[in-house]
Amino acid sequence: MNKQHFLAFDLGASSGRAMLGTLMNGKLELTEIHRFKNQMTRIHGNYYWNIYSLFDELKTGLKKCITDYKIQPDSIGIDTWGVDYSLVSKSGQLIGLPFAYRDHRTDTAMEDFFKVLPREETYLLSGIQFLQFNTLFQLFASGKEEHSRLKIASSLLFTPDTLNYLFTGVKRNEYTIASTSQLLKPGKAEWEEKLLAAAGVERNLMEGLVQPGTLIGNILPEIQEDTGSVEISCIAVASHDTASAVVSVPATGENWAYLSSGTWSLLGIESPEPLVSEQTLAMNFTNEGGVDDTTRFLKNIMGMWLIQECKRIWDEEKILDWQEIVELSSASEHFKCLIDPDNQQFLNPGNMPLAIQEFCRQTDQFVPKNKAEIARCIYDSLALKYKLTIEQIESVTGNKIEKLHIIGGGAHNERMNQLTSDALGIPVLAGPTEATAIGNLLIQARALGAVHSLQEIREVVRNSTELVEYRPTPTLDWEGAYNRFKRLCK
């Protein structure tokens with residue numbers, strides 16, 4: 001079998017990278033070509049993404065692949081975080097920098113929107129978890145601005161769609177990323193007109209929807225000139241990073257769940273159909289688009305963002321590496337205090353350690369005084385949140401979850417993986433850590449005929465990845481802590 005080379009651009013809220021995937025004899029070999037920082041920029045009180053800088057970094061990644069590694073990829077694919085978007089003018093130019101989802105202009109947007117369309121109806125029309133930064137609420141908030149850029153826009157492109165457009169000149173909305181917007185019908189690649197109208201958005205602002213694995217177009221001649229590339233395909237992969245990550249879950253059989261662990265913890269199941277009801281509304285679950293007509297029934301949990309933001313503050317005093325933080329937490333007593341990771345005050349507080357201390361003070365708990373106690377509080381609370389979420393999934397489906405696959409960067413955290421297994425009382429399989437890039441690469445491979453099904457993709461992942469298994473060793477009073485935790489989440 002001939003080697004085939006694919007280049008994945010995987011962009012997160014804090015960093016991005018270009019990953020080369022070489023497929024041969026049913027195994028995928030990964031090479032990191034280029035890594036770069038990504039961060040929000042604050043301008044006049046609002047938070048934005050520098051989309052032009054990101055585009056330059058992607059071109060640098062392609063050029064390095066060709067120049068430094070002497071490999072011309074057969075195709076490229078782009079995945080990013082969800083909900084954020086760019087606006088394009090009639091002349092085809094981007095209208096300013098796109099807002100970042102942590103921008104505070106949406107702080108009251110949900111409550112204001114529900115005065116136009118009730119909460120329950122909004123959920124039943126979309127099946128999407130309520131988060132204040134969903135595209136629906138971003139558009140609603142922007143529409144109320146006196147000088148809204150929406151008034152001069154002719155197209156809306158989500159972040160990976162925007163980058164695909166800059167590479168090819170072709171405007172399309174990929175289904176999995178569009179499904180994060182809360183503007184689609186549950187489980188369908190169809191815009192929900194009633195939601196668009198309630199947000200104050202014209203239907204013709206939205207582009208045509210395409211499925212993962214669709215050829216968007218070839219990279220433009222100017223990109224070829226800038227990078228030294230030949231004419232190659234730009235493929236719409238499962239463009240939402242979680243959708244790409246779920247593609248690479250190395251699962252077999254049934255009754256498994258996944259936890260895509262990074263800045264966000266995305267915990268859920270792959271369902272053959274959307275699960276939309278008053279019960280899932282009350283639990284605030286989401287139904288996002290997956291590959292091959294599957295639905296990602298999951299909950300977005302404020303994951304490693306909590307510890308990342310603490311580290312950012314702590315590093316001002318002395319730079320710590322991640323393992324040091326884990327070791328510090330291990331020296332502190334379990335369950336002295338707990339937080340609800342999804343409390344709104346942790347979304348973008350500025351100083352996360354102070355926000356955690358204030359939450360504990362407000363809830364009449366022990367107030368953590370140092371790095372060790374704060375980190376312990378975060379890790380314990382996340383494990384308990386995972387336990388609560390798994391129980392909620394089981395109550396909706398009627399099926400017992402027998403195994404949890406942890407994928408993404410968080411799969412490196414051995415202590416957290418063991419803690420999760422202990423809290424849930426089921427085996428945890430960790431890996432692959434590069435789940436999103438792998439899913440991106442293998443959807444490209446399928447588009448070009450190198451693999452032929454989702455099952456075959458997961459077989460390639462199993463052949464290419466060494467998984468680490470954790471089994472529960474419950475020596476702590478998890479039930480007592482869990483009962484305390486549930487009261488905090490009400």
Side-chain angles (χ1 to χ4, degrees), residues 11-16 36-43 45-50 80-84 99-107 131-133 241-242 259-267 299-330 332 336-363 365 367-386 408-410 412-413 415-416 419 488-489:
L11 279 68
S14 58
S15 67
F36 51 93
K37 288 184 178 180
N38 182 29
Q39 60 184 19
M40 300 178 292
T41 182
R42 191 178 185 185
I43 304 172
N46 290 110
Y47 290 91
Y48 302 90
W49 300 113
N50 190 341
T80 78
W81 64 96
V83 306
D84 287 337
F99 283 107
Y101 63 87
R102 295 189 192 273
D103 184 73
H104 289 292
R105 80 193 192 287
T106 60
D107 283 354
L131 297 165
Q132 70 178 58
F133 48 70
D241 50 12
T242 308
L259 170 61
S260 182
S261 178
T263 300
W264 287 89
S265 288
L266 296 311
L267 178 54
K299 181 167 285 190
N300 289 270
I301 298 167
M302 207 99 69
M304 294 304 162
W305 163 257
L306 299 161
I307 202 74
Q308 288 167 357
E309 280 294 284
C310 286
K311 183 180 185 302
R312 182 178 64 82
I313 297 297
W314 295 337
D315 284 352
E316 294 175 1
E317 175 187 334
K318 178 189 175 185
I319 294 178
L320 300 169
D321 64 37
W322 294 110
Q323 190 56 37
E324 284 182 280
I325 295 173
V326 172
E327 295 297 334
L328 279 172
S329 73
S330 299
S332 183
K336 291 177 73 174
C337 55
L338 300 167
I339 60 170
D340 175 7
D342 292 327
N343 189 283
Q344 187 173 347
Q345 66 194 73
F346 302 130
L347 181 63
N348 192 13
N351 189 311
M352 188 66 76
L354 289 181
I356 289 170
Q357 289 172 327
E358 181 58 25
F359 180 91
C360 293
R361 190 174 294 112
Q362 290 172 356
T363 51
Q365 298 184 83
V367 177
K369 299 181 290 296
N370 53 45
K371 299 179 182 69
E373 291 174 343
I374 291 172
R376 176 80 281 154
C377 173
I378 291 172
Y379 292 137
D380 287 349
S381 300
L382 282 174
L384 290 163
K385 187 73 174 188
Y386 301 157
H412 281 301
N413 192 330
R415 297 280 178 88
M416 189 68 211
L419 202 64
L488 297 173
C489 295

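This one's a predicted model, so the numbers in the text were calculated from it and none came from an experiment.
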Working to the nearest 0.5 Å, report the span between [atom1] of [X] and [atom2] of [Y].
X	Y	atom1	atom2	answer
M352	I374	CE	CD1	11.0 Å
L320	C310	CG	SG	11.0 Å
I313	N351	CD1	CG	4.5 Å
I356	L306	CD1	CG	6.0 Å
I307	S329	CD1	OG	7.5 Å

[X] side chain near [Y] side chain, heavy-atom distance below 4.5 Å:
X	Y	answer
S265	M304	no
L267	K299	no
L266	N300	yes
F359	Q345	yes
L354	P349	no

What residues, two or more places apart in sequence or in another chain, satisfy side-chain contact (heavy atoms from CB on, under 4.5 Å) together with [X]?
X	value
K369	F366, E373
K311	D315, W322, I325
N38	W49, L54, W81
R102	M40, T263, W264, M302, W305, L347, N348

Can you see which heavy atom on [X] is nearest to which on [Y], and at what distance?
X	Y	answer
I301	Y386	CD1-CD2, 4.0 Å
L488	I339	CD1-N, 4.3 Å
F346	P341	CD1-O, 3.8 Å
N46	R105	ND2-CB, 4.5 Å
C360	L338	SG-O, 4.3 Å
L328	K371	CD1-CB, 4.2 Å

Kindly write out the residues that satisfy side chain to side chain donor-acceptor pair (under 3.5 Å) with [X], not counting sequence neighbours, or none if the list is empty.
X	answer
N343	none
S14	none
E324	none

Qualifying residues under salt bridge (Lys or Arg N to Asp or Glu O under 4.0 Å), relative to [X], sequence neighbours excluded:
X	value
D84	none
E316	none
R312	E309

Hey, is CD on Q39 packed in by over 12 heavy atoms from elsewhere, all under 6.0 Å? no

So salt bridge (Lys or Arg N to Asp or Glu O under 4.0 Å) across residues 338-354, not counting sequence neighbours, yields D340-K385, D342-K385

With sequence neighbours excluded, give me every salt bridge (Lys or Arg N to Asp or Glu O under 4.0 Å) pair touching residues 344-361. E358-R361

